[in-house]
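Notes follow once the structure below has been shown.
Below, all heavy atoms of this structure are taken into account, side chains as well, without hydrogens, waters or symmetry copies.
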Amino acid sequence: MVIAAALGIAGIIAALAKLCCFTVETGEYALVTEFGKPVQVITAPGLGFKYPYQSVRSFDSRLFAYTPASTEFLTLEKTPVVAASTVLWRVSDPKKFFQTVFDRAGAESRLGDILFAELGAAIGRSPLGAFVSIEPKDFRADAILAEVSGKCREIALRDYGIEVIDVLLRSFDFPKQNRPPLYSRMKSERGRLSMKFRSEGEEEGLKIRAAADREKSRILSEALKLAQQHRGEGEGKAARIYAESLSKGPEFYEFVRTMQASRNLIPKGTTLMLPAESELFGLLQDSSHYNRGGANRKAGAKAR
């Protein structure tokens with residue numbers, strides 16, 4: 001009887017322990033409710049206690065990524081666009097989360113509504129160039145998304161106990177039926193810009209080539225002037241050296257001049273008939289002709 005009673009008491013205690021004890025895993029929040037009313041929030045992992053008539057509901061505290069479907073909006077110029085975004089979120093206040101959205105499906109439904117309203121308002125206040133532009137000063141997509149993320153974070157935390165980490169723009173495009181005319185207009189605009197840049201480049205190229213030609217002419221004229229100057233100096237120096245050399249050997253000079261005269265005056269194949277006293281004939285007959293002639297000239301000069 002004693003053993004049976006002890007076993008019965010142990011069973012009752014085990015059943016009560018199972019009803020009164022629970023564990024909170026890492027990456028979870030636990031919410032103890034009493035007849036549907038939250039009475040205790042546990043955010044740290046470990047062992048928890050409750051009354052047998054109370055219930056425990058756990059929530060995943062990890063990061064979630066919610067990707068709603070693409071939605072069509074109008075820009076400031078009333079241009080239709082299709083935008084798709086991603087929301088990174090997690091549970092921040094388990095009690096308010098349980099009281100307002102209850103679970104993940106309800107939370108993402110509320111987040112979709114908030115994102116639709118805030119993203120649509122931001123796109124409606126902004127021109128198309130803020131999202132699609134080749135000019136860095138006009139592109140403002142990052143700043144607009146940061147503003148949308150801040151407003152979504154404020155509303156979700158205040159109303160639903162949800163912490164919005166970030167809002168990312170997944171895609172931004174035109175509706176399929178509007179793409180061909182828009183792309184044609186974009187191509188024509190880019191063609192106009194390319195023609196403008198090409199003409200400006202050609203004009204600048206002409207300026208550079210004209211400046212280069214002027215610089216080339218200046219350099220060539222300067223080089224020609226220096227060349228003429230150096231050539232004149234060289235010719236003068238050569239004439240001076242030549243005169244000095246010839247003054248030291250007048251017989252040689254007379255010989256060279258005679259040979260040059262004979263080469264210039266007598267065509268090839270010509271037959272000459274010269275008197276015996278001819279200077280040229282004397283040279284052909286006797287190589288020492290100029291030596292004797294030079295001596296005779298010197299003697300004649302002394303006699304005079």
Side-chain angles (χ1 to χ4, degrees), residues 22-33 36-38 40-45 55-76 78-133 139-179:
F22 62 92
T23 58
V24 181
E25 302 291 339
T26 302
E28 284 185 347
Y29 296 142
L31 182 67
V32 178
T33 61
K37 181 180 179 181
Q40 184 183 5
V41 177
I42 302 173
T43 58
S55 301
V56 178
R57 181 172 182 81
S58 62
F59 300 98
D60 198 330
S61 63
R62 294 174 297 181
L63 193 66
F64 294 101
Y66 172 52
T67 55
S70 302
T71 309
E72 186 172 329
F73 301 100
L74 292 176
T75 64
L76 183 63
K78 305 304 178 184
T79 302
V81 295
V82 176
S85 55
T86 299
V87 183
L88 302 179
W89 67 278
R90 63 187 171 198
V91 178
S92 176
D93 187 344
K95 182 178 180 179
K96 182 174 289 187
F97 183 86
F98 174 76
Q99 291 174 333
T100 54
V101 297
F102 191 72
D103 57 9
R104 178 179 176 180
E108 291 183 344
S109 176
R110 300 296 188 277
L111 286 174
D113 295 339
I114 298 171
L115 180 63
F116 176 81
E118 296 301 328
L119 185 61
I123 292 176
R125 292 192 302 266
S126 305
L128 180 63
F131 296 92
V132 182
S133 177
F139 185 78
R140 295 182 52 253
D142 294 338
I144 294 172
L145 284 177
E147 180 182 354
V148 172
S149 178
K151 290 185 177 180
C152 290
R153 183 181 300 113
E154 178 184 355
I155 296 172
L157 185 63
R158 181 191 64 203
D159 296 342
Y160 307 111
I162 299 172
E163 181 185 2
V164 174
I165 305 300
D166 201 2
V167 175
L168 308 175
L169 189 63
R170 194 169 72 253
S171 65
F172 190 90
D173 206 345
F174 300 108
K176 291 183 178 181
Q177 65 274 14
N178 296 343
R179 290 177 188 176

### Message
Tell me which one of Val87, Leu111, Leu157, Val91 satisfies side-chain contact (heavy atoms from CB on, under 4.5 Å) with Ile162.
### Response
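With Ile162 as partner, Val87, Leu111, Leu157, Val91 yield a single side-chain contact (heavy atoms from CB on, under 4.5 Å), made by Leu111.
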### Query
Can you tell me if NZ on Lys95 sees more than 12 non-hydrogen neighbours from other groups inside 6.0 Å?
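Incorrect, the count does not exceed 12.
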Short question: side chain of [X], backbone of [Y] - any donor-acceptor pair under 3.5 Å?
X      : Y      : result
Ser61  : Gly27  : yes
Arg153 : Ile165 : yes
Arg170 : Pro68  : yes

Provide the closest heavy-atom pair for [X] versus [Y] in the form atom of the first, atom of the second, distance.
X      : Y      : answer
Lys96  : Gly161 : CD-N, 3.5 Å
Ser126 : Phe131 : CB-CE1, 4.0 Å
Glu118 : Ile155 : OE2-CD1, 3.6 Å

### Message
Are Phe172 and Phe73 an aromatic pair, judged by ring center distance below 6.0 Å?
### Response
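No: the rings miss the under 6.0 Å criterion.
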Spacing of [atom1] belonging to [X] relative to [atom2] belonging to [Y], to within rounding of 0.5 Å:
X      : Y      : atom1 : atom2 : result
Glu154 : Ile114 : CD    : CD1   : 10.5 Å
Thr43  : Leu31  : OG1   : CG    : 11.5 Å
Ser58  : Ile42  : OG    : CD1   : 11.5 Å
Asp60  : Tyr29  : CG    : OH    : 9.5 Å
Leu115 : Ser85  : CG    : OG    : 3.5 Å
Glu28  : Thr23  : CD    : OG1   : 8.0 Å

### Task
Sorted by first residue and then second, give each salt bridge (Lys or Arg N to Asp or Glu O under 4.0 Å) pair with at least one member in residues 100-112; sequence neighbours left out.
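Residue pairs with at least one partner in residues 100-112: Arg104-Glu108.
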### Task
Just jot down the ring pair (Phe, Tyr, Trp, His ring centres under 6.0 Å) partners of Phe97, sequence neighbours excluded, or say none.
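Checked Phe97 against ring pair (Phe, Tyr, Trp, His ring centres under 6.0 Å); matches are Phe59.
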